[in-house]
Amino acid sequence: MKAVLVSLVLMLGEPALGQNADIGKAWYDKDSDIYGHRIMGRIAEHLRLNAELTDGTVVTLDLSGGKPAHVFEDMAPRLADMDGDGVRELIVIETDVTAGAALAIYGLRNGALEKLAETPHIGSPFRWLAPVGVGDFNGDGRMDVAYIDRPHLAKLLRVWSFDGHSLTEIARASGLTNHRIGDEVIAGGVRTCGGQDQMVMLSGDWKRIVVAQFEGNELALDISGANTSGALSETLKNC
């Protein structure tokens, strides 16, 4: 009896698998043709989101069977600690096949992936968004996420702030893009200059490199130069 009690105490004292782990890497699989948008060329839409934790645990979330149907429509999930708890979240493009794309944040909760927040879906099928990246763009201590809403049509930069529970739009600017139909990569990204996170993308005609940053509460756009070979990579690396 004593040995049984000791074993029980030891079991109760051990943390559950994955309880204190971070998300080390994440990926999509279970490719699907239920939507068939293929905005990124050969990259298919996906039904399953996978995350491998730093303790080796793998957790998955499968969208199969949802009504209306949803798919993940991107190259790969993006990882960032959005709520400051030391565990990274997943930033994904989640598309409703009847209402188009939205940007969603998933977090690890009780050993499972749970949707923490989501922007509104664009509103029509085959309408997509392309993430720029994440950072504390307005310097208020909260993490933000930016994307181009319909990079081939509306060409609208939208910036959202995450408070741990919801996403609130804090700025937008028109005439910008970061993707061409069929490209299997998204251009631009985020850089930090002088301690400030900045968004790097392209003008709507793909000819100029544009850097967006907050000046106070306002979003300012700066033409960094022409979009010549290698210039975008150099802009991302150098202030």
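Worth saying up front: this structure is predicted, and the values here are computed from it rather than measured. Position 1 is the first residue of the sequence, and the numbers go up from there. Computation of the quantities below employed the complete heavy-atom set of this structure, encompassing side-chain atoms and omitting hydrogens, waters and symmetry-equivalent molecules.
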If Ile, Leu, Val, Met, Phe, Trp and Tyr residues are connected whenever their side-chain heavy atoms lie under 4.5 Å apart, and connections chain through other members, are Val190 and Leu103 in the same group? no
Can you see which heavy atom on Gly141 is nearest to which on Asp136, and at what distance? N-OD2, 2.9 Å
Below 30° counts as parallel, above 60° as perpendicular, anything between as tilted: where do the rings of His121 and His70 land? perpendicular
If Ile, Leu, Val, Met, Phe, Trp and Tyr residues are connected whenever their side-chain heavy atoms lie under 4.5 Å apart, and connections chain through other members, are Ile43 and Tyr28 in the same group? no
State, with a plain yes or no, whether a side-chain heavy atom of Ile91 is found less than 4.5 Å away from one of Pro131. no
Looking at every non-hydrogen atom in both residues, tell me the closest pair between Trp128 and His152 and how far apart they are. CE3-CE1, 3.9 Å
Give a yes or no answer on whether the side chain of Asn178 reaches the backbone of Gly188 with a donor-acceptor pair at less than 3.5 Å. no
Are the side chain of Asn227 and the backbone N or O of Trp206 linked by a donor-acceptor pair below 3.5 Å? yes
Between CD1 on residue Ile148 and CG on residue Leu153, distance to nearest 0.5 Å: 13.0 Å
Just verifying a value: how many Å separate Leu63 CG and Lys30 NZ, rounded to the nearest 0.5 Å? 9.0 Å
Assess, by modelled atom type and distance only, whether the side chains of Asn50 and Thr60 contain a donor and an acceptor separated by less than 3.5 Å. no
Exercise: identify the closest heavy-atom pair between Val58 and Trp27: CG1-CH2, 4.3 Å
Report the C-alpha separation of Thr235 and Arg191 in whole Å, then their side-chain angles, then the decisive distance to 0.1 Å, and conclude whether the side chain to side chain contact (heavy atoms under 4.5 Å, CB included) test is met. CA-CA 9 Å; Thr235 302; Arg191 71 180 189 182; 3.5 Å; yes
Just how far is it from atom CG of Asp163 to atom CE of Met82, taken to the nearest 0.5 Å? 10.5 Å
I'd like to know whether CG of Asn217 has more than 12 heavy-atom contacts from other residues, nucleotides or ligands below 6.0 angstrom. no
Of the non-hydrogen atoms in Arg88 and Ile23, which two are nearest, and what is the gap between them? NH2-O, 2.7 Å
Side-chain heavy atoms under 4.5 angstrom apart, residues restricted to Ile, Leu, Val, Met, Phe, Trp, Tyr: same cluster for Leu47 and Val92? yes
Does the pair Phe162 and Val134 meet the rule for a side chain to side chain contact (heavy atoms under 4.5 Å, CB included), with working shown? CA-CA 10 Å; Phe162 182 59; Val134 301; over 6 Å; no
Worked verdict on Phe214 versus Ile170 for side chain to side chain contact (heavy atoms under 4.5 Å, CB included): CA-CA 10 Å; Phe214 276 83; Ile170 57 174; 3.9 Å; yes
Non-neighbouring partners of His37 that pass ring-ring contact (aromatic ring centres under 6.0 Å, His included), sequence neighbours left out: Tyr35, Phe126
Going from CG on Asp149 to CG on Leu176, what distance comes out if it is rounded to the nearest 0.5 angstrom? 12.0 Å
Side chains of Asp83 and Ile105, heavy atoms from C-beta outward: is any pair under 4.5 Å? no
Quick check: do Phe72 and Leu61 have side-chain heavy atoms less than 4.5 Å from each other? yes
ILVMFWY cluster, Met75 and Val145 together (side-chain gap under 4.5 Å): yes
Please say whether more than 12 non-hydrogen atoms of neighbouring residues, nucleotides or ligands are located less than 6.0 Å from CD in Glu218. no
Quick check: does any side chain N or O of Asp96 sit under 3.5 Å from a backbone N or O of Thr98, one acting as donor and the other as acceptor? yes
Measure from the side-chain N and O atoms of Thr54 to the backbone N and O of Gly24, and report whether any donor-acceptor pair falls under 3.5 Å. no
I'd like to know whether CG of Asp205 has more than 12 heavy-atom contacts from other residues, nucleotides or ligands below 6.0 angstrom. yes
Step by step, would you call Arg38 with Asp33 a salt bridge (charged side-chain N to carboxylate O under 4.0 Å, His left out)? CA-CA 9 Å; Arg38 294 294 176 96; Asp33 288 321; 3.0 Å; yes
Using modelled atom types only, decide if a donor and an acceptor are shared between the side chain of His46 and the backbone of Asp74 within a distance under 3.5 Å. yes
For Glu89 and Val87 the tightest heavy-atom approach is OE2-O, 3.1 Å
Would Leu90 and Leu79 satisfy side chain to side chain contact (heavy atoms under 4.5 Å, CB included), going step by step from the backbone distance to the final call? CA-CA 5 Å; Leu90 305 176; Leu79 277 69; 3.7 Å; yes
Side-chain donor/acceptor of Asp183 to backbone N/O of Val185, under 3.5 Å: no
Measure the spacing between OG of Ser203 and NZ of Lys155 and express it to the nearest 0.5 Å. 8.5 Å
Can you get from Val210 to Leu157 by hopping between Ile, Leu, Val, Met, Phe, Trp and Tyr side chains that sit under 4.5 Å apart? yes
Do other residues, nucleotides or ligands put more than 12 heavy atoms under 6.0 Å from Lys115 NZ? yes
First locate atom CG of Leu219, then atom CE of Met199, and finally report the distance between them rounded to the nearest 0.5 Å. 5.0 Å
So, the side chain of Glu45 versus the backbone of Gly36: is there a donor-acceptor pair under 3.5 Å, distance only? yes
With respect to His179, which candidate in Glu184, Met40, Met201 satisfies the side-chain contact (heavy atoms from CB on, under 4.5 Å) definition? Met40
Paired with Ser224, the side-chain contact (heavy atoms from CB on, under 4.5 Å) test is passed by just one of Val211, Leu202, Val200, namely Val211
Tightest non-hydrogen contact, residues Pro151 and Leu129, listed as CD-CA, 4.3 Å
Mind checking ring-ring contact (aromatic ring centres under 6.0 Å, His included) for Tyr106 and listing every partner two or more places apart, or none if nothing turns up? none
Please enumerate all residues that pass side-chain hydrogen bond (donor to acceptor under 3.5 Å, both in side chains) together with Thr119, with sequence neighbours excluded. none
